[in-house]
Amino acid sequence: MTVSDMRKRAPLLLLLVVAAVVLLVLRNKGSEGHGSGSGAAATSSSAKATHAEKPAPAPSGSVLVLEAGAPSADNGKTVFSAKWGTGDDELGHERPEEGAPLGPMSLGVDAKGRIVVLDTVNGRLVRRGKDGEPDSVVKIGLLDPQDMALGADGTTAVLDRYADKKVAVYDDTGALVGDLPLVGEGISETGDVTGVFVDGTDVYAEREHGPLVKIGGTNGQPADPRTEIPGRPSRDGLSFLLAGIIDGPAGRVYVAAIDRATETQRFTREIRQPAFVHSIVLLDSDKSGTIYFATQVEQPDGSGAIFLSCLEPQHGVITGSTVLPVNTLPEESFRDFAVLDGGGVVYALRTEQGVSYLHYDCE
């Protein structure tokens, strides 16, 4: 089967996968003996948690339980910090009397190992080297940029859902390569777009935290025809990844993987956390295929935390986990995490003074 055929069949595949796991839920509903979920996902205040509308808990026997822990920034290594401002070594910040507070909206790590921050308020991409030292600043011409994705060829795809309603592609020098309209087959409302992703030379817009619609390429040319894939492509090229909240108050979430070559479900793994799950804040992988999954939770004492877990790619077994401090300031963001090619994550922790970018590993 060709890649083109696979992509055309992706929506049908997704329906079959969801139908299968729903049947598993109904079959195991009376024997699980925990939680209050019936397969219907809990509603979350975070747009990132709308994966939860696709219930897919794992069958009995493949449930993993995380232990509660205290969040700490001490086990995170600071790569760099930036104060609020407009200078080349600063990041923009706004708290208007009317409207949402704004800060850096997204980040990523490129093929050179540079950390790239989408400095929305200042309308630019800010690049830092592996050591955190300033590298370059690239101005972008979008009115309301919210997310970005980095290509291995040095390009950067930047998403503007509401003002320009497109994804702009820039090369490594910051020159505009082309514009990819969002509205078209697979996307009728730009507000339904929940992220931009680059897979090889293909640029995708994610629809409501579900399937991804191919809207063009890193060469700036729109896709014709548009095709869909059922989940986020893993960085080793072998899987599509999905995740969701089964029952937020009971701390029940799931991660699933679909084999890219055979279109078969590789695993669906339920993870139970000893805390109220508000939202999913990370689903990605490194070059080896290790899956990085993080949720924002409210712990029993009322404090917030981020639970970060690493799963091996074949069966979804957790190989490590750690607890991170949660962002408590009101600024909105699309992505506070970036997974490094060689493993580990960079996490943006905002304060009243600025942002610290911290490196964490699953312990």
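Please read all numbers here as calculations on a predicted model, not as lab measurements. Values below: all heavy atoms of this structure, side chains included; hydrogens, waters and symmetry mates excluded. Numbering of residues begins at 1 and proceeds along the displayed sequence.
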Item to complete: Output the distance between atom CG (D192) and atom OG1 (T194), rounded to the nearest 0.5 Å.
Response: 8.5 Å
Discussion item. For residues 274-323, which residue pairs pass the disulfide (SG to SG under 2.5 Å) check, not counting sequence neighbours?
Written reply: C310-C362
Discussion item. Between R260 and D199 (salt bridge meaning N to carboxylate O under 4.0 Å), is one present in this structure?
Written reply: yes
Worksheet item: Linking I/L/V/M/F/W/Y whenever their side-chain heavy atoms sit closer than 4.5 Å, directly or via other members, would V213 and F334 fall into one cluster?
Response: yes
Discussion item. Closer than 3.5 angstrom, by distance alone: can the side chain of D236 be matched with the main-chain N or O of L238 as a donor-acceptor pair?
Written reply: yes
Fill in: Test side-chain contact (heavy atoms from CB on, under 4.5 Å) applied to V355 and L349, step by step
CA-CA 6 Å; V355 190; L349 184 63; 5.9 Å; no
Response to the item:
Of all heavy-atom pairs linking I140 and R124, the shortest is CG1-N, 3.8 Å
Worksheet item: Just wondering, do V169 and L180 contact through their side chains at under 4.5 Å, heavy atoms?
Response: yes
Practice prompt. Tell me, with the steps shown, if F307 and V323 meet side-chain contact (heavy atoms from CB on, under 4.5 Å).
Written response: CA-CA 5 Å; F307 281 8; V323 185; 3.8 Å; yes
Item to complete: Identify whether the distance between the nearest side-chain nitrogen and carboxylate oxygen of R161 and D147 falls below 4.0 Å.
Response: no
Practice prompt. Measure the spacing between OG of S234 and CG of D284 and express it to the nearest 0.5 Å.
Written response: 9.5 Å
Worksheet item: Does D119 use its side chain to pair, donor to acceptor, with the backbone of G92 at less than 3.5 Å?
Response: yes
Worksheet item: Quick one: are R232 and H209 in side-chain contact, heavy atoms under 4.5 Å?
Response: yes
Worksheet item: Got a sec, which residues hit ring-ring contact (aromatic ring centres under 6.0 Å, His included) with F293, two or more places apart in sequence or on another chain?
Response: none
Worksheet item: Taking C-beta and beyond as the side chain, do T218 and V198 meet within less than 4.5 Å on heavy atoms?
Response: yes
Item to complete: Heavy atoms only: give me the nearest I280-A243 pair and the separation to one decimal.
Response: CD1-C, 3.9 Å
Worksheet item: What are the two closest heavy atoms between R269 and G316, and how far apart are they?
Response: NE-O, 3.3 Å
Item to complete: Would you indicate whether the side-chain heavy atoms of I215 and Y204 approach each other to under 4.5 Å?
Response: no
Discussion item. So for atom CD, which belongs to Q314, do other residues, nucleotides or ligands contribute more than 12 heavy atoms lying within a distance under 6.0 Å?
Written reply: yes
Practice prompt. Could I get the full list of ring-ring contact (aromatic ring centres under 6.0 Å, His included) partners for F337, not counting sequence neighbours?
Written response: Y347
Item to complete: Please report the closest heavy-atom contact between P96 and P101, naming both atoms and the distance.
Response: CD-CA, 4.2 Å
Practice prompt. Could you go through the side-chain contact (heavy atoms from CB on, under 4.5 Å) check for L159 and V193 one step at a time?
Written response: CA-CA 9 Å; L159 167 70; V193 175; 4.0 Å; yes
Item to complete: Salt-bridge test for E228 and R226: reply yes if a basic N is under 4.0 Å from a carboxylate O, no otherwise.
Response: no
Worksheet entry | Chi angles and distances behind the side-chain contact (heavy atoms from CB on, under 4.5 Å) call for Y357, V117 | CA-CA 10 Å; Y357 290 87; V117 178; 3.4 Å; yes
Worksheet item: Between atom CZ of R127 and atom OG of S136, what is the distance when rounded to the nearest 0.5 Å?
Response: 4.0 Å
Fill in: By side chain to side chain contact (heavy atoms under 4.5 Å, CB included) - contacts of D164 (at least two apart)
L142, L143, D160, K166
Discussion item. Under 4.0 Å between a side-chain nitrogen and a carboxylate oxygen: does that hold for E133 and R128?
Written reply: no
Worksheet item: Side chain of T120, backbone of P145: donor and acceptor closer than 3.5 Å?
Response: yes
Practice prompt. Look at the side-chain heavy atoms of Ile, Leu, Val, Met, Phe, Trp and Tyr, link any pair under 4.5 Å apart, and say whether V345 and V109 land in one connected group.
Written response: no
Fill in: Inter-residue atom distance T155.OG1 - N219.CG, 0.5 Å rounding
9.5 Å
Worksheet entry | Criterion salt bridge (charged side-chain N to carboxylate O under 4.0 Å, His left out) against D341, the qualifying member of R114, R235, K287 | R235
Discussion item. For R266 and D259: C-alpha separation, side-chain torsions, deciding distance, then whether salt bridge (Lys or Arg N to Asp or Glu O under 4.0 Å) applies.
Written reply: CA-CA 6 Å; R266 180 168 287 159; D259 184 87; 2.3 Å; yes
Item to complete: Could you list the residues that satisfy side chain to side chain donor-acceptor pair (under 3.5 Å) with S285, not counting sequence neighbours?
Response: none
Side-chain donor/acceptor pairs under 3.5 Å, residues 78-89, sequence neighbours excluded:
| unit_1 | atom_1 | unit_2 | atom_2 | d |
| --- | --- | --- | --- | --- |
| S81 | OG | S356 | OG | 2.9 |
| W84 | NE1 | T351 | O | 3.3 |
| W84 | NE1 | E352 | O | 3.2 |

Discussion item. Would a single hydrophobic cluster contain both L176 and V167, if residues Ile, Leu, Val, Met, Phe, Trp and Tyr are joined by side-chain heavy-atom contacts under 4.5 Å?
Written reply: yes
Worksheet item: With sequence neighbours left out, which residue pairs that include part of residues 147-264 fulfil the disulfide (SG to SG under 2.5 Å) condition?
Response: none
Worksheet item: Going by atom types only, do T295 and Q273 share a side-chain donor-acceptor pair under 3.5 Å?
Response: yes
Worksheet item: Side chains of L308 and L282: closer than 4.5 Å at any heavy-atom pair?
Response: yes
Worksheet item: Would you say V158 and V196 make side-chain contact, with heavy atoms under 4.5 Å?
Response: no
Worksheet entry | Main-chain N/O of R350 paired to N327 side chain as donor or acceptor, under 3.5 Å | yes
Discussion item. I need the full list of disulfide (SG to SG under 2.5 Å) pairs touching residues 90-182, with sequence neighbours left out, sorted by first then second residue.
Written reply: none
Item to complete: Keeping to residues at least two apart or across chains, list the ring-ring contact (aromatic ring centres under 6.0 Å, His included) pairs with something in residues 144-194.
Response: none
Worksheet item: Transitively linked via ILVMFWY side-chain contacts under 4.5 Å: L150 with V346?
Response: no
Item to complete: Could you list all the ring-ring contact (aromatic ring centres under 6.0 Å, His included) pairs where at least one residue sits in residues 100-148, not counting sequence neighbours?
Response: none
Item to complete: List the atom of V326, the atom of Q296, and the distance in Å for their closest heavy-atom pair.
Response: CG2-CD, 3.4 Å
Worksheet item: Does Y292 reach the main-chain N or O of V339 with its side chain, forming a donor-acceptor pair under 3.5 Å?
Response: no
Fill in: pair D286-L340: side-chain heavy atoms closer than 4.5 Å
no
Practice prompt. Verify the cluster assignment for F267 and I245: are they in a single hydrophobic cluster under the rule of side-chain heavy atoms below 4.5 Å apart?
Written response: yes
Worksheet item: Which residue pairs satisfy the disulfide (SG to SG under 2.5 Å) criterion with at least one member in residues 172-260, sequence neighbours excluded?
Response: none
Fill in: Student check: side-chain heavy atoms of R335 and M148 closer than 4.5 Å
no
Discussion item. Main chain of E270, side chain of R252: is a donor-acceptor contact present, judged purely on distance under 3.5 Å?
Written reply: no
Fill in: Donor-acceptor pair between T319 and E312 side chains, under 3.5 angstrom
no
Item to complete: State, to 0.1 Å, how close G108 and A338 come at their nearest heavy-atom pair, and which atoms those are.
Response: CA-CB, 3.7 Å
Worksheet item: Sequence neighbours excluded, which residues qualify as ring-ring contact (aromatic ring centres under 6.0 Å, His included) partners of F197?
Response: none
Worksheet item: Is K214 salt-bridged to D202, cutoff N-O under 4.0 Å?
Response: yes
